[in-house]
Number of protein chains: 2
Amino acid sequence: MSTKRVEQLHAQGLRTRACLLDVAREVFEECHDASLNSIAKRAGVGIGTLYRHFPTREELVFELYRDQVQRLVLASEELLRTHPPLEAFRLWMERFARYAMTKAGLMEVLRTATAHGRFAQEARGPVTGAVEQLLAANREAGTLREDLTADDVLLAVAGLYQLDPSAEDWEQRAHRLLELVLCGLRRRD
Amino acid sequence: MSTKRVEQLHAQGLRTRACLLDVAREVFEECHDASLNSIAKRAGVGIGTLYRHFPTREELVFELYRDQVQRLVLASEELLRTHPPLEAFRLWMERFARYAMTKAGLMEVLRTATAHGRFAQEARGPVTGAVEQLLAANREAGTLREDLTADDVLLAVAGLYQLDPSAEDWEQRAHRLLELVLCGLRRRD
DNA sequence: TTGTTTGACGGAGGGTTCTCCGTTAAGTTG
DNA sequence: CAACTTAACGGAGAACCCTCCGTCAAACAA
């Protein structure tokens, strides 16, 4: 009961929050760097309201894509079940790249979700967790170097964030980058 | 004579331009993300004037550090003269990292100076040239993979731009990253 | 010397981000 | 049910980025 009361207490707030998310998703679909003003306006809400719900643009975008990120994280387990560790690792990174580039705005999320000196450091970002799983599996299989941290990996693939999703060759470049990184991560025999 | 006339024609312009650069260097020293407004004001010049000389913040910062970047580029030749290719490459990357992190604002310059889909692509950024030199030398020496482009390398080290220069461990992380990248670039035997 | 051209200048103005606070109304308590 | 508490709301306002254009003066030509 008490939880429901809390919910009722915030009933109005929850509604406008959901509305804001809907509108934002819609607006960002049209223009990935739309102004927060325009979102607030189209949601029929004051700009202050938007900012109270999402103190920063990042936070809004993060909420928008939270489930997408979640799915990406879950994918690591799935891949580990269905593939040998190294292959799972490779596939996951490819998928990571695709997710990052495909949806405009998602890249921003992933960058901050894996950023250093912020979430990832203290809050143990979700993506970091997924990478650690993959690393652990590969460590056990002896396929990758043993001294790797998830940090290292996410730093190494950070070049993805520099790619321009509107260029046609991003896929090729991303692939080259990942292949290079993978070479660097491999255990030397 | 005619060149001098051109100079005299722009005499005033050149003076304010130099003044702006001086002031900007000074202001950025104090606060690396100072407002352009404050710079114009302290230079005793209208904001419009600043923007005519430097249409974007990037361009201003770029000018500020142009010589630093130049020095970095020259370093590649120097290192190639005094070290074996692979070692030169490694040292250069370390220096690149140090330059990027040390001076606030320089990192921004290097990122855009090596950015894809802009300068580097068409204008063949200066840094790109340096990397190509190093790659060529190493290709000849057979120390690195032969299919590498400067693009690949600069993309691979892009993780540097995510490091926080105010954190104490940036040096350690940068070193780890570079070592990883180098492993990936090495020729497999 | 006296127009005339042309680059440089300054700042008003429109659009954004983000903060702050007075107002409103939902939910609570006696 | 009435008074109260507290969260949500809205938007004014400060600071900033960047553009645009009218003004001014240096350089030049007649």
Side-chain angles (χ1 to χ4, degrees), chain A residues 1-24 26-64 104-105 108-109 111-112 115 118, chain B residues 1-24 26-28 30-64 104-105 108-109 111-112 118:
Chain A
M1 270 295 175
S2 83
T3 74
K4 190 166 184 185
R5 284 201 179 164
V6 170
E7 279 175 7
Q8 285 182 343
L9 180 66
H10 300 300
Q12 182 60 28
L14 289 177
R15 235 177 303 143
T16 61
R17 179 190 164 92
C19 171
L20 279 172
L21 282 175
D22 283 346
V23 170
E26 192 179 302
V27 171
F28 280 139
E29 200 88 9
E30 299 168 10
C31 171
H32 98 290
D33 57 350
S35 80
L36 297 186
N37 255 328
S38 72
I39 292 176
K41 194 168 296 179
R42 201 193 291 195
V45 85
I47 185 63
T49 300
L50 195 164
Y51 271 94
R52 193 158 3 75
H53 281 284
F54 308 101
T56 158
R57 173 194 207 79
E58 254 177 19
E59 216 130 339
L60 172 58
V61 179
F62 188 80
E63 277 307 303
L64 272 189
E108 194 181 336
V109 169
R111 188 177 61 241
T112 70
R118 268 238 200 157
Chain B
M1 267 295 174
S2 84
T3 74
K4 191 168 185 186
R5 285 201 177 162
V6 170
E7 278 176 6
Q8 283 181 345
L9 179 68
H10 300 302
Q12 182 59 28
L14 289 177
R15 235 178 303 142
T16 60
R17 180 190 163 90
C19 171
L20 279 172
L21 282 175
D22 283 347
V23 170
E26 193 180 302
V27 171
F28 280 139
E30 299 167 9
C31 171
H32 97 291
D33 58 350
S35 81
L36 298 186
N37 256 326
S38 71
I39 291 177
K41 194 168 294 178
R42 201 194 292 197
V45 85
I47 184 65
T49 299
L50 195 164
Y51 271 94
R52 193 159 3 76
H53 282 284
F54 309 100
T56 157
R57 164 187 284 268
E58 256 177 17
E59 217 131 336
L60 171 59
V61 180
F62 188 80
E63 276 307 303
L64 272 189
E108 194 181 337
V109 169
R111 188 178 60 237
T112 70
R118 268 239 201 157

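This is a predicted model, so every value here is computed, not measured. We name chains A, B, ... by the order of the sequence lines, and we start the count at 1 in each one.
- Heavy-atom minimum distance, Ala34(B) versus Ser38(B): CB-OG, 4.0 Å.
- Under the side chain to side chain contact (heavy atoms under 4.5 Å, CB included) criterion, Arg42(A) pairs with Val23(A), Glu26(A), Val27(A), Glu30(A), not counting sequence neighbours.
- Between the C1' atom of dA26(C) and the CZ atom of Arg15(A) lies a distance of 10 Å, rounded to the nearest Å.
- Applying a 4.0 Å cut-off to non-hydrogen atoms, the residues of residues 16-23 of chain A that approach DNA chain D are Thr16(A), listed by residue number.
- Spacing between atom CG of Leu14(B) and atom C1' of dC9(C) amounts to 15 Å, rounded to whole angstrom units.
- Atoms CG and CG, from Leu20(B) and Leu64(B) in turn, are 10.0 Å apart once rounded to the nearest 0.5 Å.
- In this structure Arg17(A) satisfies the salt bridge (charged side-chain N to carboxylate O under 4.0 Å, His left out) test together with Glu63(A), sequence neighbours excluded.
- Between the CD atom of Gln12(B) and the P atom of dA27(D) there is a distance of 9 Å, rounded to whole Å.
- With axes fitted over five pairs at each extremity, the angle between the ends of the helix from dT1(C)-dA30(D) to dG30(C)-dC1(D) is 20° (10° resolution).
- DNA chain C lies under 4.0 Å from at least one heavy atom of each of the following residues of residues 35-42 of chain A: Ser35(A), Leu36(A), Asn37(A).
- Listed by residue number, Val45(A), Gly46(A), Ile47(A), Gly48(A), Thr49(A), Arg52(A), His53(A) are the residues of residues 45-55 of chain A with a heavy-atom contact under 4.0 Å to DNA chain D.
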Using residues 47-56 of chain B as the side-chain source, report each donor-acceptor pair under 3.5 Å to any protein atom, sequence neighbours left out, with the distance given to one decimal.
residue  : atom : partner  : partner atom : Å
His53(B) : NE2  : Thr16(B) : OG1          : 3.2
Thr56(B) : OG1  : Glu58(B) : N            : 3.2

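- Inter-residue side-chain proximity for Ile39(B) and Val45(B) is flagged as unmet; no heavy-atom pair is nearer than 4.5 Å.
- When the side chain to side chain contact (heavy atoms under 4.5 Å, CB included) test is applied to Asp33(B), the partners found at least two apart in sequence or on another chain are Cys31(B).
- In this structure the side chain of Lys41(A) never reaches within 4.5 angstrom of the side chain of Asn37(A), judged on heavy atoms.
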